[in-house]
Amino acid sequence: QVQLVESGGGLVQAGGSLRVSCEASGRTFSVNAMGWFRQPPGKEREFVAAISWSAMRTDYADSVKGRFTISRDNAKNTVYLQMNSLKPEDTAVYYCAAGRAVTMTKNPYEYGYWGQGTQVTVSS
């Protein structure tokens, strides 16, 4: 019932910045939280950041805290992830997720909707 489309990925040099976007459509009024996860090459999917309007808070993985910022544009039904000071270890496919009953934003199983992912590659 909710569709998510990511955009904004690409190739950047270490130290650079990117902003990825996630546009939601469908029954977006049912969503109480949205988040970003990523899957580096050869590794499991991991939590990056989330914004919860039910809890009125944002959450970040320790590895990105201070460098990444998640934000929301209600008018556009879009969540953004601003990524600064990028490192090669940030290279991954970044996935947007949305949930209707999210209580622990770091738990991927609480998100019922996922985008197809956008590739972010950081060169050294």
Side-chain angles (χ1 to χ4, degrees):
Q1 299 299 318
V2 177
Q3 293 79 45
L4 305 174
V5 179
E6 300 102 332
S7 62
L11 174 65
V12 297
Q13 292 185 339
S17 298
L18 273 180
R19 188 180 73 166
V20 291
S21 303
C22 176
E23 184 176 3
S25 60
R27 300 179 65 183
T28 58
F29 51 83
S30 66
V31 172
N32 78 321
M34 294 181 68
W36 288 94
F37 294 76
R38 68 186 183 186
Q39 187 167 15
K43 296 183 179 181
E44 297 294 317
R45 189 172 299 185
E46 64 185 22
F47 171 77
V48 177
I51 183 166
S52 171
W53 27 101
S54 61
M56 298 291 290
R57 73 186 186 199
T58 56
D59 297 298
Y60 297 92
D62 290 341
S63 60
V64 306
K65 190 173 296 183
R67 299 188 298 123
F68 291 10
T69 302
I70 189 170
S71 61
R72 178 190 181 203
D73 186 331
N74 291 334
K76 296 182 178 180
N77 291 318
T78 300
V79 169
Y80 304 95
L81 184 68
Q82 178 67 46
M83 302 180 288
N84 298 326
S85 301
L86 283 162
K87 305 174 181 178
E89 48 263 47
D90 294 318
T91 295
V93 177
Y94 283 71
Y95 296 93
C96 177
R100 294 180 289 109
V102 176
T103 58
M104 299 181 66
T105 57
K106 297 180 180 180
N107 184 1
Y109 295 102
E110 295 194 22
Y111 296 87
Y113 308 98
W114 294 83
Q116 66 178 14
T118 186
Q119 177 71 48
V120 173
T121 302
V122 184
S123 64
S124 60

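Positions are given from 1 along the sequence. Since the structure is predicted, the reported quantities are computational estimates derived from the model, not experimental observations.
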Inspect the surroundings of CD in Gln39 and state if more than 12 heavy atoms from other residues, nucleotides or ligands are less than 6.0 Å away. yes
Gap separating the [atom1] atom of [X] from the [atom2] atom of [Y], nearest 0.5 angstrom:
X: Gln82; Y: Ser71; atom1: CD; atom2: OG; value: 8.0 Å
X: Tyr109; Y: Met104; atom1: OH; atom2: CE; value: 13.5 Å
X: Glu46; Y: Lys106; atom1: CD; atom2: NZ; value: 11.5 Å

Hphob cluster co-occupancy, [X] + [Y], side-chain heavy atoms under 4.5 angstrom:
X: Val93; Y: Tyr111; value: yes
X: Leu18; Y: Tyr95; value: no
X: Ile70; Y: Val102; value: no

Ignoring hydrogens, what is the shortest heavy-atom contact between [X] and [Y]? Give both atom names and the distance.
X: Ser124; Y: Ala14; result: CA-CB, 4.4 Å
X: Leu81; Y: Ala49; result: CD1-CB, 4.0 Å
X: Val2; Y: Ser30; result: CG2-OG, 4.3 Å

Checking Asn32 now: which residues fulfil side chain to side chain donor-acceptor pair (under 3.5 Å) with it, not counting sequence neighbours?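 Once residues adjacent in sequence are excluded, the partners of Asn32 under the side chain to side chain donor-acceptor pair (under 3.5 Å) criterion are Ser54.
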Could you tell me which residues satisfy side chain to side chain donor-acceptor pair (under 3.5 Å) with Asp62, sequence neighbours excluded, listed by chain and number? none
Any side-chain heavy atom of Arg45 within less than 4.5 Å of one from Trp114? yes
Do the side chains of Gln119 and Thr91 get nearer than 4.5 Å, heavy atoms only?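 A side-chain contact exists here, since the closest heavy-atom pair is under 4.5 Å.
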Please identify each residue that fulfils side-chain contact (heavy atoms from CB on, under 4.5 Å) with Ala98, with sequence neighbours left out.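 Ala98 satisfies side-chain contact (heavy atoms from CB on, under 4.5 Å) with Leu4, Val31, Met34, Tyr113 only.
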Which residues pass the salt bridge (charged side-chain N to carboxylate O under 4.0 Å, His left out) test with Asp90, not counting sequence neighbours?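 Asp90 satisfies salt bridge (charged side-chain N to carboxylate O under 4.0 Å, His left out) with Arg38, Arg67 only.
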Is there a donor-acceptor pair closer than 3.5 Å between any side-chain N or O of Thr28 and the backbone N or O of Ser25?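 Answer holds: no.
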Could you check whether any side-chain N or O of Glu6 sits under 3.5 Å from a backbone N or O of Val20, counting only pairs where one atom can act as donor and the other as acceptor?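 The answer is no, because no donor-acceptor pair under 3.5 Å joins these two groups.
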Ring pair (Phe, Tyr, Trp, His ring centres under 6.0 Å) contacts in which one or both residues fall within residues 43-83, not counting sequence neighbours: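 Qualifying pairs: Phe37-Phe47.
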Sequence neighbours excluded - disulfide (SG to SG under 2.5 Å) pairs with any residue from residues 54-124: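 Of all non-adjacent pairs touching residues 54-124, those that pass disulfide (SG to SG under 2.5 Å) are Cys22-Cys96.
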Thr103 and Glu110: side-chain donor and acceptor closer than 3.5 Å?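 A pair is found: one side chain offers a donor N or O, the other an acceptor, under 3.5 Å apart.
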